[in-house]
Chemist: 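Provided herewith is a single structure, encoded as structure tokens, for subsequent inquiry.
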Amino acid sequence: EETNGPTNCYAAISQADRLQSEPESIRKWREEQKERLEQLDANSRKQEAEWKEKAIKELEEWYARQDEKLEKTKASNRVADEAFYKQPFADVIGYVAAEEAFVNDAEDVFPGTEWERVAQLCDFNPKSSKQAKDVSRMRSVLISLKQAPLVR
């Protein structure tokens, strides 16, 4: 193939001319610099591989620690739940007794008793409530529905 423009042959000739015309000390320095850069590249690739291995190992250790913490937390929560449910005054401390009664009475559902069952789960004492929102209207609606359920 022949072209009228410069080709790789011309670039090779100009490169050869440039290399022949440069002094020996510069050519030697260029070769040493090339070797130094190749060595630095090899070292950086090696160091990067070591860092990746170290990061993978640390990540695996972190996941293992997280799984261990999660299992410990689950176990302690189970123990705390069992202890809480076994307390004699769990209904005073929380709504555990009301929840258990609600679940136990789930089979004894009679028409018209739905609001009474809902009222068992609610705390109607406004002073014992630690909520920041005003729930007095909802409380009054539930009490009125408990006293006079809706008729369909």
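In this chain, residues are counted from 1 in sequence order.
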Chemist: With a cutoff of under 4.5 Å between side-chain heavy atoms, which Ile, Leu, Val, Met, Phe, Trp and Tyr residues group with Leu70?
Modeler: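 Taking Ile, Leu, Val, Met, Phe, Trp and Tyr as members, Leu70 stands alone, with no cluster partners.
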
Chemist: Could you give the distance from NZ (Lys46) to CG (Asp41), rounded to the nearest 0.5 Å?
Modeler: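 Nearest 0.5 Å value for the NZ-CG distance: 14.5 Å.
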
Chemist: Given Lys54, which of Lys57, Glu58, Glu50 fulfils the side chain to side chain contact (heavy atoms under 4.5 Å, CB included) condition?
Modeler: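 Of Lys57, Glu58, Glu50, side chain to side chain contact (heavy atoms under 4.5 Å, CB included) with Lys54 is met by Glu58 alone.
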
Chemist: Distance check, rounded to the nearest 0.5 Å: Thr73 atom OG1 versus Gln66 atom CD?
Modeler: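 Atom-to-atom, Thr73:OG1 and Gln66:CD are 9.5 Å apart.
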
Chemist: Which atom pairs, one a donor and one an acceptor, fall under 3.5 Å between side chains of residues 32-39 and the rest of the protein, sequence neighbours left out?
Modeler:
| residue | atom | partner | partner atom | Å |
| --- | --- | --- | --- | --- |
| Gln33 | OE1 | Arg36 | NH1 | 2.8 |

Chemist: Charged N to carboxylate O below 4.0 Å: is that the case for Lys28 and Glu24?
Modeler: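 Between Glu24 and Lys28 there is no salt bridge, as every charged N stays at least 4.0 Å from the carboxylate O atoms.
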
Chemist: What distance separates Glu31 CD from Ile26 CD1, expressed to the nearest 0.5 Å?
Modeler: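 Answer rounded to 0.5 Å: 12.5 Å.
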
Chemist: Begin from the C-alpha positions of Arg27 and Arg30 and carry the test side chain to side chain contact (heavy atoms under 4.5 Å, CB included) through to its verdict.
Modeler: CA-CA 5 Å; Arg27 185 186 57 76; Arg30 188 182 313 278; 5.7 Å; no

Chemist: Just to verify, what does Ile56 make a side chain to side chain contact (heavy atoms under 4.5 Å, CB included) with, not counting sequence neighbours?
Modeler: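 Listed in chain order: Glu60.
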
